[in-house]
Amino acid sequence: MSAPVRTRFAPSPTGDLHVGGLRTALFQWAFVKANGGELVLRIEDTDQSRYVEGSVESICEGLRWLGIEWDEGPEVGGPHGPYVQSERLEKYHAVAAELQARGRAYRCFCTAERLAQLRKDQQKDGLAPGYDGRCRQIPPEEAEERARTEPSVLRFRMDRTGVTTLPDLIRGDVTFQNSLQDDFVILKSDGFPTYHLAMLVDDHDMEITHVVRAEEWLASGPKHLQLYEAMDWPAPHFAHLPVLVDSKGRKLSKREADVAALDYRDRGYLPEAMLNFLAFLGWSLDDHTTHITAGEFARVFTLDRVVPNPAFFDVERLDALNGHYIRALAPEAWREHVAGWLDRDLPANIPRPLDADLVTAVAPLLQERVTRLDEVAGLVRFLFALPDYPAELLTERIGGDTGLAARTLEAAIAAVEGVAPEAWAPEPVEAALRSLQDALDLKLRKFVSVLYVAIMGAPRGIPLFDSVALLGRDEALDRLRAARAKLA
RNA sequence: GGCGCGUUCGUCUAGAGGCCUAGGACACCGCCCUUUCAAGGCGGAGAUCGCGGGUUCGAAUCCCGCACGCGCUACCA
């Protein structure tokens, strides 16, 4: 029985879950599902200074938003815990000590100032910046003695001969010259491990078989490979995902784009749309598939169909997908979304709970003209209160023809008055308004914008006939008369 | 600066020597439908496959060089 595929998502609790991180987690999840493996969630909080309260909860929430569940980790536990690195310090110290015993790690007392100066000099001389190994010479006994009173870090002794080749599942073999490597820090002066050490220890302990991470980690591959070698541990497989970039081709950043995953949820994107969007950023199934569900993705995903080049996070495509999934929603599910967003976004002075029948009636009118859920309230608001609008808006789409606007409104008032209160329903209302074509001897489309403005305060919106019917006879008449009065 | 990765329509991508006069999707344009706006249907435009050399009967696909972009180059991950 071969070991099951195990991979891990290892975010730092430094703030909101980034969409790039979400994409990485999604691919890891799909990879694991497609292979009957397990996903581990691990919190990498070895940099205490960057810790942000609430990050872990936010990360978990972000993952669950897309339906990504982890088999082990925070909130769910597991046999390899704890899953938070700050709670695993002894393990790192033990491995650090072992590395020292093996002669692969040594104490370094160099100050930040010396290191900075060293880097400066190296850059001036056109050399590759990196630690020069000065403290390698200090005899271990002397180093331990000094460590009692002096601040120090532990560095890994890199093999500087030959090359290190990293077999990447997406890019093939990537080879690095070892002479260009330097002795990096594995244990900081505050006693915390750096990412490199913590990752080595945890991935080994947690039996990770596949390290799937973003491309920005590729360059530190040699460090990790040598670390495994130094401990005589088998290295896992590696796959470096292409990064997500902004419109300038740079790694997605807070400055250029909205990167907080949950913000997308809060702006009205459906999880199925986000998942579909992310799935095709750097991966494809074939030459024609553009829509995919979570289940399908988790069934057919393979790393060899991940491309190595960066992908632009194009919100226009996300919008298109979101509209698609909104339209695909069953009527009842859609109604629930509408109800929720209306309750959230409608002005506070509109009494709650909202009229359930009204919500049920408008929902279908909204479904095919909304791309984001946060547009819903704006389109429906007029049913609760008429927004103020300038008189010119009435004639905006009819070339400023005030006379036509007046005739339209007068005819509309008469027509609507012609619908008896007890006969009030969408069909009679539609018939009444359509009759204006004869009254005015014009196609409906030529003057209908006047009615849109009078009824909803905008020349466009959800269907007019239904809107008038939903508004009720008195309110509709009031609005038509008010519009007529504006023209005078 | 050094090292690494990358380079097919505006965008995401298909493509693993002849199936490519390079396919799909989003965006864009036009027409149809139509009570506005959408949605939907139909059609269109859009890439000499970064550039230059090879290899081959034949290259987007293989090899070499160059250019450009990005990433890394911390006691951050």
Side-chain angles (χ1 to χ4, degrees), chain A residues 10-12 14 44-47 49-50 108 110 112 115-116 119 122-131 151-155 166 168 170-171 174-177 180-182 184-190 192-196 198-199 213-222 240 242-243 245 247-251 277 280-291 305 307-314 316-321 323-324 327 365-371 379 397 430 433-434 436-437 443-445 447-449 451-453 456 458-467:
Chain A
S12 291
T14 55
E44 311 232 324
D45 61 344
T46 56
D47 184 359
S49 66
R50 296 209 306 158
C108 170
C110 293
L115 261 19
R119 248 192 307 276
Q122 285 166 330
Q123 257 160 19
K124 196 182 67 199
D125 300 340
L127 296 168
Y131 184 61
S152 68
V153 299
L154 208 60
R155 282 183 189 275
L166 181 139
D168 185 87
I170 294 169
R171 301 150 210 276
V174 182
T175 299
F176 301 85
Q177 289 292 327
L180 266 14
Q181 298 292 327
D182 74 330
F184 58 97
V185 173
I186 55 175
L187 217 51
K188 299 183 256 186
S189 54
D190 64 359
F192 274 68
T194 55
Y195 166 81
H196 308 297
M199 174 223 74
R213 57 185 3 173
E215 187 190 344
E216 58 212 73
W217 293 106
L218 187 54
S220 51
H240 290 91
V243 292
V245 299
S247 59
K248 295 196 182 75
R250 304 256 165 91
K251 196 166 83 172
F277 174 59
F280 287 98
L281 247 31
W283 176 87
S284 65
L285 179 59
D286 48 40
D287 66 347
H288 64 275
T289 303
T290 54
H291 291 134
R305 289 205 60 85
V307 293
N309 45 298
F312 171 50
F313 190 86
D314 187 0
E316 278 194 352
R317 233 150 65 82
L318 210 206
D319 284 341
L321 250 9
H324 170 85
R327 277 167 251 130
L365 308 178
L366 256 12
Q367 193 159 12
E368 60 186 26
R369 59 201 94 223
V370 163
T371 60
L379 286 166
R397 293 205 179 182
E430 173 169 357
L433 292 174
R434 280 193 187 284
L436 299 192
Q437 296 194 102
K443 285 287 193 187
L444 195 54
R445 53 181 302 112
F447 58 83
V448 77
S449 69
L451 301 177
Y452 269 90
V453 175
M456 50 191 82
R460 32 167 295 196
I462 58 175
L464 181 71
F465 309 144
D466 296 282
S467 298

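Throughout, a chain's letter reflects where its sequence line sits, starting with A, and its residues are numbered from 1. Atoms considered below: every heavy atom in the structure, side chains included; atoms not considered: hydrogens, waters and symmetry mates. Keep in mind the model is a prediction, meaning the values are calculated, not measured.
Among the protein residues, A:Val153 comes within range of the nucleic acid bases, having at least one heavy atom under 4.0 Å from a base atom. Residue A:Val307 is classed as a sugar-phosphate contact, given heavy-atom separations below 4.0 Å to backbone atoms only. A:Arg327 comes within 4.0 angstrom of the backbone, heavy atoms only, and of no base. Within 4.0 Å (heavy atoms only), A:Leu464 reaches at least one base atom of the nucleic acid. Contacts of A:Trp283 with the nucleic acid, taken as non-hydrogen atoms under 4.0 Å apart, are absent. Using a 4.0 Å heavy-atom distance criterion, A:Pro310 is classed as a sugar-phosphate-only contact. Note on A:Thr175: only backbone sugar-phosphate atoms sit closer than 4.0 angstrom, heavy atoms only; bases stay farther off. When heavy atoms are screened at a 4.0 angstrom cut-off, A:Ser189 is found touching base atoms of the nucleic acid. Nucleic acid contact class of A:Arg213 (heavy atoms, under 4.0 Å, all strands): none. Nucleic acid contact for A:Gly249: sugar-phosphate only, since backbone atoms but no base atoms lie under 4.0 Å from a heavy atom of the residue. A:Ile462 comes within 4.0 angstrom of a nucleotide base, judged by non-hydrogen atoms across all strands. In this structure, A:Gly282 reaches the sugar-phosphate backbone alone: every heavy-atom distance under 4.0 Å involves primed, P, OP1 or OP2 atoms, never a base. In this structure, A:Arg171 reaches the sugar-phosphate backbone alone: every heavy-atom distance under 4.0 Å involves primed, P, OP1 or OP2 atoms, never a base. Residue contacts shown for A:Thr46 are limited to sugar-phosphate atoms, with no base heavy atom under 4.0 Å away.
Map A:Arg155 and A:Phe465 each onto its nearest nucleotide of RNA chain B; the residue landing nearer the 5' end is A:Phe465. Comparing A:Glu215 and A:Pro463 along RNA chain B, the residue whose closest nucleotide (by nearest heavy atom) sits nearer the 5' end is A:Glu215.
If you check B:rG65 for Watson-Crick or wobble pairing at under 3.5 angstrom, you find it paired to B:rC51. Within the shown strands, B:rG2 is the pairing partner of B:rC72 under the Watson-Crick or G-U definition, both distances less than 3.5 Å. The nucleotide B:rA45 finds no pairing partner, because no Watson-Crick or G-U wobble arrangement with both distances shorter than 3.5 Å includes it. The partner of B:rU34, taking Watson-Crick or G-U wobble pairs whose two distances both stay under 3.5 Å, does not exist in any strand shown. Searching all strands for a Watson-Crick or G-U wobble partner of B:rG18 with both distances below 3.5 Å returns B:rC57. Within the shown strands, B:rA25 is the pairing partner of B:rU11 under the Watson-Crick or G-U definition, both distances less than 3.5 Å.
Shown here are the ring-ring contact (aromatic ring centres under 6.0 Å, His included) partners of A:Tyr131, two or more places apart in sequence or in another chain: there are none. Residues satisfying the side-chain contact (heavy atoms from CB on, under 4.5 Å) test with A:Thr175, not counting sequence neighbours, are A:Val163, A:Thr165.
Across all their heavy atoms, A:Arg397 and A:Pro459 have their closest contact at NE-CB, 3.7 Å.
Rounded to whole Å, the C1' atom of B:rA47 lies 13 Å from the corresponding atom of B:rU11. Distance noted for atom P between B:rG15 and B:rC68: 30 Å (whole Å). To the nearest whole angstrom, the two C1' atoms, one in B:rC70 and one in B:rG30, are 39 Å apart. Comparing B:rC26 with B:rG43, their P atoms sit 14 Å apart, to the nearest whole Å. One P atom belongs to B:rA38, the other to B:rC49, and the distance between them is 37 Å to the nearest Å. Taking atom C1' in both B:rG17 and B:rC12, the straight-line distance is 26 Å, to the nearest Å. Look at the P atom in both B:rC20 and B:rU35: the space between them is 44 Å, to the nearest Å. Rounded to whole Å, the C1' atom of B:rC72 lies 27 Å from the corresponding atom of B:rU13.
Under the 4.5 Å side-chain criterion, counting only non-hydrogen atoms from C-beta, A:Lys188 is in contact with A:Asp47. At a threshold of 4.5 Å between non-hydrogen side-chain atoms, the residues A:Leu321 and A:His291 count as touching. Side-chain atoms of A:Thr46 and A:Met199, non-hydrogen and from C-beta on, never get closer than 4.5 Å to each other. The side-chain heavy atoms of A:Pro242 and A:Arg171, taken from C-beta on, include a pair separated by under 4.5 Å.
Protein chain A contacts RNA chain B from B:rG1 to B:rA77, reading 5' to 3' and using non-hydrogen atoms of the protein with a distance under 4.0 Å.
For the pair A:Asp168 (side chain) and A:His240 (backbone), a donor-acceptor distance under 3.5 Å is present. A distance-only check finds no donor-acceptor pair linking the side chain of A:Arg305 to the backbone of A:Trp283 [under 3.5 Å].
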